[in-house]
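Here's the structure we're looking at; comments come further down.
Values reported hereafter were calculated over all heavy atoms of this structure, with side chains retained and with hydrogens, waters and symmetry mates removed. In this chain, numbering begins with 1 at the start of the sequence shown. Just so you know, ligand 1 is whichever comes first in the structure, and atom 1 is the first atom listed for that ligand.
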Amino acid sequence: MNSPAPVPTDHASEIGYYQKRKGVFPRKIDGRFRRFKWLMMALCLLVYYATPWLRWDRGPYAPNQAVLVDLAHRRFFMFAIEIWPQEFYFVAGLLIMAGIGLFLVTSAVGRAWCGYACPQTVWTDLYQHVDRFIDGDRNAQIRLQAAPWTPAKIARRLLKWSIYLTIAFWTGGAWILYFADAPTLTHDFWTGQAAAVAYATVFVLTMTTFVLGGFMREQVCIYMCPWPRIQTAMLDEKSLLVTYKDWRGEPRGSVKAHKADDAKLGAEKLGDCIDCLQCVAVCPTGIDIREGPQIGCITCGLCIDACDRAMVQTGRPRGLIDYATLDDAVREKRGEAPTPILRTLLRPRMLVYLGVWSALGLAMLFMLGARTRIDVSVAKDRNPQFVTLSNGSVRNGYTIKLRNMEDRPRRMTLALDGLPGGALYDDEMDAAAATRVLELAVPADATRTVRVYAVADRAHAVPQHFGMVLRALDSEGGGARRDTSFTTSQGDAP
Ligand code: SF4
Ligand code: SF4
């Protein structure tokens with residue numbers, strides 16, 4: 001009797017869905033990409049920690065913090081620009097510009113954002129320097145990791161985690177300073193007078209920085225972040241990516257094998273890769289770029305530095321690992337020269353992204369320059385909709401919100417446009433003093449709410465639409481208009 005055919009097992013059941021993390025202990029390296037990474041790290045950290053402390057004089061009526069998300073007053077300040085809630089489209093525009101900018105950079109040089117400027121990368125890099133400072137370079141770290149928990153190891157770990165926690169705490173602490181006056185909040189925080197939400201936010205951000213930057217590191221990039229999945233849609237055969245030139249490096253072999261090979265068969269046999277594994281040792285995500293493009297590669301370029309050094313030490317030309325496009329790979333395999341970098345960068349797709357990005361930026365600049373700094377909104381009373389006065393005239397009530405978005409008090413006029421035979425008065429006036437143009441004062445950087453009544457004499461009291469026009473009475477000028485309706489016993493305006 002034949003035995004039953006073996007049930008095919010799928011790949012996942014053979015290797016399992018869960019793989020234990022292999023520790024990553026990147027070796028210290030120097031080179032042009034490492035220096036660029038240093039520069040970007042310093043810049044990002046400086047901008048993040050220092051920005052809340054920058055001051056910007058806006059006069060006595062507005063905060064003097066250069067960048068402030070003032071949730072209490074629902075304002076966003078960025079140097080000379082002040083955004084009110086109804087101008088949120090500027091923030092949306094900035095976010096869209098940031099998104100298109102990311103598309104532009106990714107299409108040009110792959111995951112440069114991931115490699116140099118993403119907070120996860122910057123803080124992980126910082127923590128890896130702390131590792132080197134406390135435990136030593138790669139080999140010392142590996143040895144310590146494998147060593148038993150002696151008092152000396154425990155002391156080192158406690159010291160290192162304390163530094164992790166301190167960095168994480170300053171990171172969380174800096175974040176809340178974007179939402180209130182930084183010197184005041186710092187004082188309140190340390191004297192226990194800050195709001196509970198400030199302490200909670202610092203705690204949450206401290207712990208997330210500690211865990212994500214100190215322990216999870218490359219796992220965030222590989223398993224948690226959606227960006228590596230999205231970015232593949234933005235890459236094409238002309239995007240510059242960190243590439244191992246296998247046509248030049250393979251077949252690989254150690255220096256010893258190369259020497260034997262040279263002696264026996266001539267230098268043609270083995271490729272340029274001496275299999276020194278330096279590119280793997282310096283990689284902050286622990287991958288081997290010689291296996292081809294992969295999701296773990298954040299295109300930081302450190303393997304280029306490491307390989308260039310190996311090439312120089314063994315008298316070979318640099319660039320075995322380098323930024324290259326898929327197109328160039330094909331060309332180089334055929335022995336042709338790569339496309340000039342400028343032509344690669346200025347291809348139609350890039351120009352379209354650049355065009356959209358610039359057009360959006362220019363449109364926002366124009367709108368910023370042209371926006372009026374006053375606004376009005378009108379809410380008509382619904383109950384009662386109208387009141388018939390003893391002389392036969394009809395009165396409608398309105399709640400008006402006058403917004404002065406300048407950092408100084410302003411006088412404004414509110415005028416009727418339409419409503420023949422009509423006049424306006426507010427709560428502070430006598431009805432007999434009703435006029436077609438009300439003059440009102442609005443405090444600096446504030447919204448003033450006023451109750452206003454429109455009256456139409458008996459002859460003109462018919463349902464109709466009309467406008468309320470707000471104008472500023474100063475040299476800056478500016479105006480706004482809102483249409484509303486007038487209701488009588490004959491009903492609402494048609
Ligand atoms: S493979 Fe190279 S470029 Fe990619 S993450 Fe590792 S070191 Fe950076
Ligand atoms: S650093 Fe260069 S030579 Fe060394 S293993 Fe990596 S690719 Fe090969």
Side-chain angles (χ1 to χ4, degrees), residues 22-38 40-41 105-106 108-118 120-125 127-129 132 137-138 217-223 225 227-228 231-232 235 239-259 261 267 269-326 329 332:
K22 287 190 199 124
V24 178
F25 307 94
R27 174 165 292 154
K28 192 173 160 196
I29 182 71
D30 191 22
R32 56 201 163 120
F33 289 99
R34 179 63 259 181
R35 286 194 287 277
F36 184 61
K37 242 172 117 58
W38 276 121
M40 288 303 295
M41 184 209 262
V105 171
T106 305
V109 284
R111 291 169 65 185
W113 160 259
C114 304
Y116 302 105
C118 168
Q120 178 63 24
T121 298
V122 171
W123 265 262
T124 296
D125 202 15
Y127 280 137
Q128 283 171 344
H129 289 302
R132 279 186 210 111
D137 206 356
R138 176 182 164 83
R217 299 191 175 178
E218 81 289 345
Q219 296 179 93
V220 175
C221 313
I222 296 173
Y223 303 114
C225 179
W227 184 238
Q231 59 134 17
T232 47
L235 300 176
S239 301
L240 284 161
L241 299 174
V242 174
T243 306
Y244 166 66
K245 299 181 175 175
D246 55 353
W247 59 95
R248 190 187 134 187
E250 300 296 321
R252 65 188 78 156
S254 64
V255 175
K256 206 166 146 194
H258 270 87
K259 278 190 187 143
D261 189 54
K269 184 80 167 51
L270 287 178
D272 274 349
C273 177
I274 54 169
D275 211 13
C276 62
L277 293 178
Q278 288 306 306
C279 50
V280 182
V282 299
C283 178
T285 61
I287 61 164
D288 186 345
I289 192 64
R290 296 175 302 169
E291 289 168 11
Q294 47 205 289
I295 211 157
C297 177
I298 56 172
T299 64
C300 65
L302 296 186
C303 53
I304 302 179
D305 284 340
C307 190
D308 277 352
R309 175 179 285 207
M311 291 296 101
V312 169
Q313 283 170 350
T314 54
R316 291 170 167 79
R318 290 161 175 262
L320 175 56
I321 303 177
D322 206 351
Y323 268 98
T325 66
L326 283 177
E332 283 194 33

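Comment: Arg34 engages Asp125 in a salt bridge, judged by a side-chain N to carboxylate O separation of less than 4.0 angstrom. Using a 4.0 Å cut-off between a side-chain N of Lys or Arg and a carboxylate O of Asp or Glu, Asp30 and Arg35 qualify as a salt bridge. The existence of a salt bridge linking Asp272 and Arg248 is confirmed by a sub-4.0 Å separation between a basic side-chain nitrogen and an acidic carboxylate oxygen.
Close approach of ligand 1 to Pro284 is summarised as follows: ligand atoms under 4.0 Å from at least one heavy atom of the residue are 7 (S). The contact set between ligand 1 and Ile289, taken as ligand atoms under 4.0 Å from a residue heavy atom, comprises 1 (S). For ligand 1, the atoms lying closer than 4.0 Å to a non-hydrogen atom of Gly301 are 3 (S), 8 (Fe). Near Arg290, meaning under 4.0 Å from one of its heavy atoms, ligand 2 places the atoms 5 (S), 7 (S). Shown in contact with Thr285 at under 4.0 Å from a heavy atom are these atoms of ligand 1, numbered in order with element: 5 (S). Taking every non-hydrogen atom of Cys303 and a distance limit under 4.0 Å, the qualifying atoms of ligand 1 come out as 1 (S), 2 (Fe), 3 (S), 7 (S). Using a 4.0 Å cut-off to heavy atoms of Ile298, the atoms of ligand 1 that qualify are 4 (Fe), 5 (S). Residue Met311 approaches ligand 2 through these ligand atoms, each under 4.0 Å from one of its heavy atoms: 3 (S). Listed by atom number, the atoms of ligand 1 under 4.0 Å from Thr299 heavy atoms are 3 (S), 4 (Fe).
Considering Tyr116, Tyr323, Trp38 in turn, Tyr323 is the only one that fulfils the ring-ring contact (aromatic ring centres under 6.0 Å, His included) rule with Phe33.
Counting heavy atoms closer than 4.0 Å to ligand 2, residue Asp275 contributes backbone atoms (N, CA, C, O) but none from C-beta onward. With a heavy-atom cut-off of 4.0 Å, Ile287 touches ligand 1 through its side chain alone. Residue contacts with ligand 2, taken as heavy atom pairs separated by less than 4.0 Å, involve Ile321 solely via side-chain atoms from C-beta onward.
In terms of protein heavy-atom proximity, atom 8 (Fe) of ligand 2 is nearest to Cys273 SG, 2.3 Å. In this structure, the protein non-hydrogen atom closest to atom 3 (S) of ligand 2 is Ile274 N, 3.5 Å. The nearest protein atom to atom 2 (Fe) of ligand 2, hydrogens excluded, is given as Cys307 SG, 2.3 Å; this is a heavy-atom distance. Closest protein heavy atom to atom 6 (Fe) of ligand 1: Cys283 SG, 2.3 Å. Among protein heavy atoms, atom 4 (Fe) of ligand 2 sits closest to Cys276 SG, 2.3 Å.
Formation of a donor-acceptor pair under 3.5 Å by the Asp322 side chain with backbone atoms of Ala324 is not found in this model. Panel note: side chain Gln294, backbone Asp288; a donor-acceptor pair is recorded below 3.5 Å. With Thr285 contributing its side chain and Glu218 its backbone, the two residues share no donor-acceptor pair below 3.5 Å. Between the side chain of Thr121 and the backbone N or O of Gly115, no donor-acceptor pair lies under 3.5 Å.
Cys279 lies close to atom 6 (Fe) of ligand 2, since one of its N, O or S atoms is found at a distance under 2.8 Å. Atom 6 (Fe) of ligand 1 lies at 2.8 Å or more from every N, O or S atom belonging to Cys300.
Between Asp288, Leu277, Asp272, Asp246, it is Leu277 that holds the heavy atom closest to atom 5 (S) of ligand 2.
Distance check: Thr232 OG1 to Ile295 CD1 gives 7.5 Å after rounding to the nearest 0.5 Å. In this structure, CZ in Arg111 is found 10.5 Å from CG in Leu241, a value given to the nearest 0.5 Å. Distance CD1/Ile304 to CE/Met311: 13.0 Å, rounded to 0.5 Å.
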After noting the C-alpha distance and the side-chain angles of Arg27 and Asp137, does the key distance pass the side chain to side chain contact (heavy atoms under 4.5 Å, CB included) rule? CA-CA 6 Å; Arg27 174 165 292 154; Asp137 206 356; 3.7 Å; yes

